[in-house]
Asker: 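The structure is given below, and queries will be raised subsequently.
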Amino acid sequence: MNDDLTVTTLAERPELRERLWEMPDTWARFMDHDLVANALMGTIAELFPEHVVVATDAEGALVARGHSVPFRLHGEGRDGRLPDRGWDQVLLWAVNGHRRGERPDTVSAIEIAVRTDLQGKGLSGVVLGAMRDAARARGYAEVVAPVRPSAKHHEPGTPMEEYAFRVRAEDGLPYDPWLRVHVRAGATVERVAPVSMTIAGSLAEWREWTGLPFDATGEVLVPGALVPVRCEAERDQAVYVEPNVWVRHPV
């Protein structure tokens with residue numbers, strides 16, 4: 001499959017911009033309702049096309065995409081510390097910094113998605129490598145990523161602080177497959193971003209998104225969620241606060 005791939009940035013192939021979201025992926029429906037994502041995700045291709053990776057097959061069909069953003073991590077008020085608010089925060093920093101004319105010093109991965117029928121074939125690692133290549137070509141020394149561990153949804157009750165640093169006895173690599181891809185590519189697991197994404201909605205909205213009843217106060221286990229969703233029936237709302245795991249890649 002990889003021999004048939006063409007992997008470039010969107011800046012090199014702007015005709016693919018309108019097709020980015022036509023590719024089927026495995027994101028759970030409720031994940032489409034993070035307010036920061038809804039407001040800003042669509043601007044990445046417009047503002048930072050040189051940091052959007054696109055992969056097509058021999059027939060020209062889009063098979064994978066990767067969004068990343070340049071932002072300022074070092075300097076006054078930030079000092080190189082990766083934020084607790086993870087994914088949401090870094091996207092806000094990138095877009096707002098661009099609008100203010102800030103000079104970015106770091107690139108953060110935002111999303112890597114592979115077409116559903118091609119998952120498990122190593123394409124995510126190919127896109128990650130191309131993302132790092134794009135950052136290096138533009139003079140950046142580091143790529144960071146608020147990683148959403150791919151198998152954490154099987155253990156929603158396990159604290160992320162425990163899960164993120166779990167390793168396999170046989171080789172010392174991360175237990176989680178997606179974290180393992182990053183570490184094999186040279187990344188280090190840095191820290192947990194405890195409030196990386198926040199998705200809130202009415203009980204009716206959560207029922208629509210998940211097909212679950214959401215009729216009693218307490219924790220609700222939702223397929224695809226990394227931690228339980230907190231349902232507050234008396235307030236007619238439920239909130240999902242997703243932790244991610246920060247990793248650092250030298251490029």
Side-chain angles (χ1 to χ4, degrees), residues 9-12 34-53 65-113 124-149 160-161 163-165 173-174 176 178-198 226 241-251:
T9 68
L10 189 63
E12 298 167 284
D34 175 85
L35 293 180
V36 175
N38 283 344
L40 300 179
M41 191 70 185
T43 68
I44 298 176
E46 173 188 351
L47 300 180
F48 313 114
E50 67 277 11
H51 292 284
V52 178
V53 172
R65 65 174 184 257
H67 287 81
S68 60
V69 294
F71 72 106
R72 182 177 65 82
L73 179 61
H74 302 276
E76 184 178 356
R78 296 180 189 172
D79 299 322
R81 178 177 169 82
L82 295 166
D84 285 349
R85 290 190 62 231
W87 196 97
D88 282 352
Q89 186 66 76
V90 78
L91 185 51
L92 285 165
W93 280 350
V95 173
N96 290 337
H98 177 83
R99 290 169 177 167
R100 293 193 297 264
E102 286 182 354
R103 184 185 180 96
D105 54 38
T106 307
V107 171
S108 177
I110 292 293
E111 178 221 31
I112 293 177
S124 58
V126 172
V127 174
L128 175 61
M131 191 177 287
R132 294 171 63 192
D133 290 344
R136 184 188 308 110
R138 286 154 185 82
Y140 294 98
E142 183 177 56
V143 170
V144 299
V147 175
R148 190 173 195 267
M160 185 64 90
E161 289 78 4
Y163 183 90
F165 295 96
L173 290 171
D176 183 81
W178 188 213
L179 285 173
R180 202 156 56 239
V181 170
H182 283 270
V183 170
R184 280 178 169 152
T188 57
V189 178
E190 179 88 358
R191 61 189 297 264
V192 171
V195 193
S196 196
M197 300 182 80
T198 301
L226 306 192
V241 179
E242 177 169 293
N244 288 162
V245 182
W246 277 116
V247 304
R248 290 182 183 265
H249 285 266
V251 300

Asker: Sorted by first residue and then second, give each side chain to side chain donor-acceptor pair (under 3.5 Å) pair with at least one member in residues 37-46; sequence neighbours left out.
Answerer: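 As it turns out, there is no side chain to side chain donor-acceptor pair (under 3.5 Å) pair with a partner in residues 37-46 once direct neighbours are skipped.
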Asker: Can you give me every donor-acceptor pair (side chain of residues 68-77, partner residue at least two apart or in another chain, under 3.5 Å) with its distance?
Answerer:
unit_1	atom_1	unit_2	atom_2	d
Ser68	OG	His51	O	2.7
Arg72	NH1	His74	O	3.1
Arg72	NH1	Glu76	O	3.4

Asker: Using salt bridge (charged side-chain N to carboxylate O under 4.0 Å, His left out) as the criterion, list what pairs up with Arg148, not counting sequence neighbours.
Answerer: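 With neighbours one apart ignored, the set is Glu242.
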Asker: So, taking the atom named CD1 in Ile44 and the one named NE2 in His67, what distance separates them when rounded to the nearest 0.5 Å?
Answerer: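 Between Ile44 CD1 and His67 NE2, I get 5.5 Å after rounding to 0.5 Å.
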Asker: Rounded to the nearest 0.5 Å, how far apart are CG of Asn244 and CG of Leu226?
Answerer: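 Between Asn244 CG and Leu226 CG, I get 7.0 Å after rounding to 0.5 Å.
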Asker: Run the side chain to side chain contact (heavy atoms under 4.5 Å, CB included) test on Trp93 and Thr106 for me, step by step, so that the C-alpha distance in whole Å, both residues' side-chain angles and the decisive distance to 0.1 Å come before the verdict.
Answerer: CA-CA 11 Å; Trp93 280 350; Thr106 307; over 6 Å; no
Asker: With a 6.0 Å cut-off (strictly less than), is the heavy-atom count around CZ of Arg103, excluding the residue itself, greater than 12?
Answerer: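 Not buried by this count: 12 neighbours or fewer within 6.0 Å.
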Asker: Nearest 0.5 angstrom please: Trp87 CH2 to Asp34 CG, how far?
Answerer: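 Answer for the CH2-CG pair, Trp87 versus Asp34, is 5.5 Å.
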Asker: What pairs of residues pass the salt bridge (Lys or Arg N to Asp or Glu O under 4.0 Å) test when at least one of them lies in residues 186-195, not counting sequence neighbours?
Answerer: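 As it turns out, the salt bridge (Lys or Arg N to Asp or Glu O under 4.0 Å) pairs with a partner in residues 186-195, which skip direct neighbours, are Asp84-Arg191, Glu190-Arg248.
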Asker: Side chains of Met41 and Ile110: does their closest heavy-atom pair fall under 4.5 Å?
Answerer: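 Result yes, sub-4.5 Å side-chain heavy-atom pair found.
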Asker: Tell me, please, which residues at least two apart from Arg99 pass salt bridge (charged side-chain N to carboxylate O under 4.0 Å, His left out).
Answerer: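 Testing Arg99 for salt bridge (charged side-chain N to carboxylate O under 4.0 Å, His left out), a comparison that skips the adjacent residues, returns none.
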Asker: Drop me the distance from Met197's CE to Arg85's CZ, to the nearest 0.5 angstrom.
Answerer: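 With rounding to 0.5 Å, CE (Met197) is 11.0 Å from CZ (Arg85).
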Asker: Can you give me every donor-acceptor pair (side chain of residues 126-136, partner residue at least two apart or in another chain, under 3.5 Å) with its distance?
Answerer:
unit_1	atom_1	unit_2	atom_2	d
Arg132	NH1	Ala185	O	2.5
Arg132	NH2	Ala185	O	3.4
Arg132	NH2	Pro250	O	2.7
Asp133	OD1	Arg136	NH1	2.8
Arg136	NE	Val251	O	2.3
Arg136	NH2	Val251	O	2.9

Asker: So which atom in Val245 and which in Ala164 form the shortest heavy-atom distance, rounded to 0.1 Å?
Answerer: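 Val245 and Ala164 have their closest heavy atoms at CG2-CB, 3.6 Å.
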Asker: OG of Ser108 to OH of Tyr140: how many Å apart, nearest 0.5 Å?
Answerer: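 The distance works out to 12.0 Å.
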Asker: Does the Trp246 side chain pair with the main chain of Arg81, one donor and one acceptor, at a distance under 3.5 Å?
Answerer: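 Side chain of Trp246 to backbone of Arg81, a donor-acceptor pair under 3.5 Å: no, none is there.
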Asker: Identify the heavy atoms of Met160 and Pro243 that sit nearest to each other, and give their distance.
Answerer: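 Nearest heavy atoms, Met160 then Pro243: CE-O, 3.2 Å.
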Asker: Testing the basics here: between Ala109 and Ala145, what is the closest heavy-atom pair and its distance to 0.1 Å?
Answerer: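 Closest approach of Ala109 to Ala145, heavy atoms only: CB-CB, 3.8 Å.
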Asker: Search all heavy atoms of Pro49 against all heavy atoms of Thr9 and return the closest pair with its distance.
Answerer: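 What the structure gives for the nearest pair is O-CB, 3.8 Å.
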Asker: Taking all non-hydrogen atoms of both residues into account, name the closest pair between Pro174 and Leu179 and its distance.
Answerer: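 Answer, listing the atom of Pro174 first, then Leu179: CB-CB, 3.8 Å.
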